[in-house]
Chemist: 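Mind looking over this structure? Questions follow.
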Amino acid sequence: MSAHPQPRPPRVTVRSLQARKQAGEKIACLTAYDASFAQVLDAAGVDVVLVGDSLGMVIQGHETTLPVTVSDMLYHSKAVARGLDYSMLVVDMPYLSYTSVAQALENAGQFMKQANAQMVKLEGGAEQAEIVSQLTQHGIPVCAHLGLQPQRVHKIGGYLVQGREQAAADAMLDEAQQLEQAGADMMILECVPQALAERITNTLHIPVIGIGAGAACDGQILVLYDILGVSKGRIPKFSRDFMAENGNVEAAVKAYVDAVKTAEFPGNEHVFG
Ligand code: KIV
């Protein structure tokens, strides 16, 4: 054993994420829902750990994320927070928990105060600009989420790629800019054609994280259970089973981080045209 243990790297912050974008260093993100997995992700150097409302599907076994409540998110976020030392903790605002500024402040405030969240994430476009503005003005960093928004699955009519037509692509770029101007600190793009994701990433100043959005994004996020090959049914086209390739959880997570950092993931087989 070394007499001089390695100093721990400093905690990831909005400023260090911004610096990674400026330096062209890819940002590795994953979801987690409990302290034990959070610890593994933290030790592997995952930059951002999201307590996603995907927990409604992968933990609770629902068909969609819609049944997830604020108290579900609080319970899992508090557990994840106990496992983190390095990674930034981002907590998803669940369905209908941010329908007004007052409600968004109340619920996001609980994640910040009770679960040590460093950022909250919410789905939606320009219609969320006022809420993003108010949250950030109250010191709550916000990650916006454009493209496929699972909380709108019934309105969209399925889990479908978004922004394929020129008008929809232009509208998404415009909404991304409005959210950045409103104060968003980060953005997730889910299931959008890679050319559009590249356009948005190159236009925005904040880090843009892709899931099914191609390699040009500033970073990548996947659902932990998908990369560990334990999700119900087939894993999505944009994901990869790192467990099958690496044999144990620690090695799988580390391989994912390395693959994102070296831009080896996502490959052409994981993107939409
Ligand atoms: O809920 C979630 O896990 C998410 C990610 C898939 C981006 O929103």
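One-based numbering, in listed order, for ligands and for the atoms of each. All residue numbers in this chain count up from 1 along the given sequence.
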Chemist: I need the nearest protein heavy-atom contact for atom 4 (C) of ligand 1: residue, atom name and distance, please.
Modeler: Leu50 CD2, 3.7 Å
Chemist: Distance under 4.0 Å to a non-hydrogen atom of Gly52: what atoms of ligand 1 satisfy this?
Modeler: 1 (O), 2 (C), 3 (O)
Chemist: Counting only heavy atoms, which portion of Ile211 has something under 4.0 Å from ligand 1: side chain, backbone, both, or neither?
Modeler: side chain
Chemist: Are any of the side-chain nitrogens in Glu123 or Arg152 under 4.0 Å away from the carboxylate oxygens of its partner?
Modeler: no
Chemist: Does any N/O atom on Asp53 come nearer than 3.5 Å to any N/O atom on ligand 1?
Modeler: yes
Chemist: Any atoms of ligand 1 less than 4.0 Å from a non-hydrogen atom of Thr31? List them with their elements.
Modeler: 3 (O)
Chemist: Would one find an N or O of Glu190, backbone or side chain, under 3.5 Å from an N or O of ligand 1?
Modeler: no
Chemist: Distance to 0.1 Å, residue and atom name: give those for the protein heavy atom nearest to atom 3 (O) of ligand 1.
Modeler: Ser54 OG, 2.5 Å
Chemist: With under 30° as parallel and over 60° as perpendicular, where do the rings of His270 and Phe265 fit, or are they tilted in between?
Modeler: tilted
Chemist: Using a distance-only test with no angle check, is there a side-chain donor-acceptor pair under 3.5 angstrom linking Tyr95 and Thr69?
Modeler: no
Chemist: Does a donor on one side chain sit under 3.5 Å from an acceptor on the other, for Gln39 and Asp85?
Modeler: no
Chemist: Salt bridge check, Arg11 against Asp47: does any charged N sit closer than 4.0 Å to a carboxylate O?
Modeler: no
Chemist: Does a side-chain N-to-carboxylate-O contact under 4.0 Å join Glu245 and Arg240?
Modeler: yes
Chemist: Using heavy atoms and a 4.0 Å limit, tell me yes or no: is His145 in contact with ligand 1?
Modeler: yes
Chemist: Under 4.0 Å, heavy-atom basis, I'd like to know which part of Leu222 is in contact with ligand 1: side chain, backbone, both or neither.
Modeler: neither
Chemist: Could you tell me the residue and atom name of the protein heavy atom closest to atom 8 (O) of ligand 1, and the distance to it rounded to 0.1 Å?
Modeler: Lys121 NZ, 3.0 Å
Chemist: Where does Asp92 meet ligand 1, judged by heavy-atom distances below 4.0 Å: at the side chain, the backbone, both, or neither?
Modeler: side chain
Chemist: Of the non-hydrogen atoms in Ala169 and Leu196, which two are nearest, and what is the gap between them?
Modeler: O-CD1, 3.6 Å
Chemist: Which residue is it: Thr13, Val90, Val48, Val142? I am looking for the one with a side chain to side chain contact (heavy atoms under 4.5 Å, CB included) to Met119.
Modeler: Val90
